[in-house]
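Here's the structure, in structure tokens; my notes come after.
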Amino acid sequence: MTRRYVGYVALLGVVVATVGGQRRTGAADPAPSVSLRRIETPDFLTVPPALEGKPGFRIARTAPTIDIHVFEGLPSAGPKTLWSNWGDGCVASNGRYYFALGNHLGPEGQSYLYEYDPHHRTVRAALDLREALPESKERYAAGKVHSRIDQGKDGLLYFSTYWGKIPKEADFQAGYLGSVLLRYDPSSGRSESLGAIVPGQGLPTSLLDPRRMIQYFTAVYSGDFVAYDLTARKVLYRGSGDQQEGSRNLMLDAAGHCYFSTADGFLARYSPSENRVTRTRAQLPLAAGAAPGKTGGRFLRASTRPARNGRLFGMTKDGALFAFDPKTDMVTELGANFLKGEYVAVMALSPDEKYLYYAPGAHGQSARYGTPVVQYDLAKRERKVLAFLNAPLRDRLRWNVGGTYNLKCSADGSRLYIAFNGAPLDPNAGRELTFGQPGLIVLNIPASER
């Protein structure tokens, strides 16, 4: 079997009981809640030496406070264990923030779903994904949750598992099925597996249309775009693998059309009413200084929900920021996201639609320039750093903050929830690591900065 792989090379315990063919966490809250530590310091506004004199951004006047929990004691499953976060989380209708951590292993991988309670400022493990899978657990990926976590109109959270270490052909021949679609009920703690909806494939990217209850994916190895009806429990569309590029981000407009990027840098549109894909006239911008005709990283890597005027905001893998109007297929270039264009895996539109929030340097690179958290003013087209997190946290926690694939804004716009990858500082190590020990950071944005 020939497979096409497109991708990037990455406890609190929880008891799970089975109830009526579904699974739920035990009623006694078996996973202990851990309180986050608050840090308040003007050092968050200190520009790191690597950025001194660099143009293109300004610094906030008032430093934020942060609440933080660094996950220690996550279980090792051997030398290739790499606890990390790879997919965007969800602020659910109950006000709590959900995110996942995994050990980055292949068929034997493990992940946990976590719940952060902003009222009590505590985090706990809500679900052991291995226990939520069908009985033949070795047949299903669980080393990562690389997809988004989204909430449907039924109140349930939907997300897919993924592998970390790339499975071998022998694994598939032995019955390995790849990614599984799961749903989780925040009110009861019950979870259910919907199975390997695209057998033999990984599902690193997802996006839920909660009104129509259609979940969209890109599949690895095939590169196919997939539309799955959650109510009917069936695949509506699978195809366009010869067009789709990047396998890492999808956009949904207010009319329910889903978009993915093509190999030549355009956007393709899926219509659920027509159940077909068409190519749009919208071409993604090139990164600053890129040669004309270059495609390279000219594909979707991050995007937002639609604004009230219908516009969507996104970034390419090369760091080009843009606005897209689905009514006209027009793309407006907004410049580089930071410096000359950095790798950003996730972004959020503020509730008042004044700002975009993101953290440049997703794959560990953010440590090189102090782990900035950026607020982009859409009216002024201005980049403002709310905090440089790295140096203060190195000093206080001996923890090197790497980067993030997971960033959400609270419903009132006052907080950013960010699951960062990171690693402990080890003076005996040959180089500084940025993966292996993730942490949760809640950045409290001063009222004067929003």
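Taking Gln243 as the reference, nothing meets the side chain to side chain donor-acceptor pair (under 3.5 Å) condition, with sequence neighbours excluded. The salt bridge (charged side-chain N to carboxylate O under 4.0 Å, His left out) test applied to Arg308 returns Glu353, not counting sequence neighbours. Remark: Tyr417 engages Tyr97, Tyr116 in a ring-ring contact (aromatic ring centres under 6.0 Å, His included) (not counting sequence neighbours). In this structure, the side chain to side chain donor-acceptor pair (under 3.5 Å) partners of Ser93, at least two apart in sequence or on a different chain, are Gln151. For the salt bridge (charged side-chain N to carboxylate O under 4.0 Å, His left out) test, residues two or more places apart in sequence or in another chain that qualify with Asp43 are Arg396. Applying the ring-ring contact (aromatic ring centres under 6.0 Å, His included) rule to Phe313 yields no partners; only residues at least two apart in sequence or on another chain are considered. Under the salt bridge (charged side-chain N to carboxylate O under 4.0 Å, His left out) criterion, Glu333 pairs with no residue, sequence neighbours left out. Under the rule for a ring-ring contact (aromatic ring centres under 6.0 Å, His included), the partners of Phe57 that lie at least two apart in sequence or sit in another chain are Phe338. Shown here are the side chain to side chain donor-acceptor pair (under 3.5 Å) partners of Thr404, two or more places apart in sequence or in another chain: there are none. Qualifying salt bridge (charged side-chain N to carboxylate O under 4.0 Å, His left out) partners for Arg139, counting only residues two or more places apart in sequence or in other chains: none. Listed by chain and residue number, Arg148 satisfy the side chain to side chain donor-acceptor pair (under 3.5 Å) test with Asp150 (two or more places apart in sequence, or in another chain).
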ask   = Can you list the steps and then say if Tyr140 with Thr161 is a side chain to side chain contact (heavy atoms under 4.5 Å, CB included)?
value = CA-CA 8 Å; Tyr140 304 98; Thr161 66; 5.5 Å; no
task = Please lay out, stage by stage, how Val198 and Phe217 fare under the test side chain to side chain contact (heavy atoms under 4.5 Å, CB included).
result = CA-CA 10 Å; Val198 192; Phe217 301 92; 5.9 Å; no
task = Please lay out, stage by stage, how Leu105 and Gln110 fare under the test side chain to side chain contact (heavy atoms under 4.5 Å, CB included).
result = CA-CA 7 Å; Leu105 296 179; Gln110 173 66 293; over 6 Å; no
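Counting only distance, with no hydrogens or angles, the side chain of Thr122 and the backbone of Val34 share no donor-acceptor pair below 3.5 Å. When atom types are taken as modelled, the side chain of Gln201 and the backbone of Tyr221 share a donor-acceptor pair closer than 3.5 angstrom. Of the possible polar contacts, one joining the Glu449 side chain to the Thr62 backbone as a donor-acceptor pair under 3.5 Å is found. A donor-acceptor pair under 3.5 Å links the side-chain atoms of Asp352 to the main chain of Lys354, judged by distance alone. In this structure, the side chain of Thr262 engages the main chain of Phe266 through a donor-acceptor pair within 3.5 Å. Judged purely by atom type and a 3.5 angstrom limit, Asn85 uses its side chain to pair as donor or acceptor with the backbone of Ala100. Put simply, the side chain of Arg383 gets close to the backbone of Ala336: a donor and an acceptor are under 3.5 Å apart. For Ser410 (side chain) and Arg415 (main-chain N/O), a donor-acceptor pair under 3.5 Å exists by modelled atom type. Between the Ser247 side chain and the Gly223 main chain, no donor and acceptor come within less than 3.5 Å of each other. Within the 3.5 Å criterion, the main-chain N or O of Leu312 finds no donor-acceptor partner in the side chain of Thr304.
Looking only at side-chain heavy atoms (C-beta outward), Asn406 and Val346 stay at 4.5 Å or farther from each other. Side-chain contact between Leu133 and Glu131: absent, with no pair of heavy atoms (C-beta onward) separated by less than 4.5 Å. With a 4.5 Å cut-off on side-chain heavy atoms, Asn421 and Thr434 do not count as touching. Residues Tyr376 and Arg381 form a side-chain contact, since some pair of their non-hydrogen atoms from C-beta on lies under 4.5 Å apart. No side-chain heavy atom of Cys258 sits under 4.5 Å from any side-chain heavy atom of Asp209. Using a 4.5 Å cut-off on side-chain heavy atoms (C-beta onward), Leu194 and Leu230 make contact. The shortest distance between side-chain heavy atoms of Pro360 and Val344 falls below 4.5 Å. Between Leu207 and Asn249 there is no side-chain heavy-atom pair separated by less than 4.5 Å.
Minimum heavy-atom separation, Arg130 to Asp128: N-OD1, 2.9 Å. Residues Gly202 and Tyr162 come closest through the heavy atom pair CA-CE1, 3.6 Å. Here the shortest heavy-atom pairing between Cys90 and Ile149 reads CB-O, 3.0 Å. Looking at every heavy atom in both residues, Ser160 comes nearest to Ser147 through N-OG, 2.9 Å. Taking every heavy atom of both residues into account, Ala367 and Asn400 meet most closely at CB-OD1, 3.9 Å. The two residues Phe299 and Ser261 come nearest to each other via the heavy atoms CB-OG, 3.3 Å.
Using a 3.5 Å distance cut-off with no hydrogens or angles, the side chains of Asp318 and Thr316 do not pair a donor with an acceptor. For the residue pair Arg450 / Tyr355, no side-chain donor-acceptor distance below 3.5 Å is found, with atom types taken as modelled. Side chain to side chain, Glu108 and Asn103 fail the donor-acceptor criterion of an N or O pair below 3.5 Å.
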Would you tabulate the side-chain donor-acceptor contacts of residues 436-444 under 3.5 Å, counting partners in other chains and residues two or more places apart, or write 'none'?
residue : atom : partner : partner atom : Å
Gln437  : NE2  : Phe71   : O            : 3.4
Asn444  : ND2  : Thr65   : O            : 3.3
Asn444  : ND2  : Thr65   : OG1          : 3.1
Asn444  : ND2  : Asp67   : OD2          : 3.4

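One distance of note links CG of Leu250 with CD of Gln244; it measures 7.5 Å at 0.5 Å rounding. The line from CG of Leu393 to CD1 of Ile68 is 4.5 Å long, rounded to the nearest 0.5 Å. Atom CG of Leu156 is separated from atom OH of Tyr158 by 4.5 Å, given to the nearest 0.5 angstrom. Atoms NZ and CG, from Lys317 and Leu300 in turn, are 14.0 Å apart once rounded to the nearest 0.5 Å. To the nearest 0.5 Å, the span separating CG on Leu101 from CH2 on Trp83 amounts to 7.0 Å. Separation of atoms OG (Ser191) and CG (Leu182) is listed at 6.5 Å; rounding is to 0.5 Å.
Dense packing is recorded around CD of Glu382, with more than 12 heavy atoms of other residues, nucleotides or ligands lying under 6.0 Å away. Shown here is Arg58, whose CZ atom has more than 12 heavy atoms of other residues, nucleotides or ligands within 6.0 Å.
His363 and Trp86 have tilted rings, their planes meeting at an angle from 30° to 60° on a 0 to 90° scale.
When Tyr112, Tyr114, Phe420, Phe159 are each tested for a ring pair (Phe, Tyr, Trp, His ring centres under 6.0 Å) with Phe99, only one passes: Tyr114.
Between Glu342 and Arg368, no side-chain nitrogen of the basic residue sits less than 4.0 Å from a carboxylate oxygen of the acidic one, so the salt-bridge criterion is not met.
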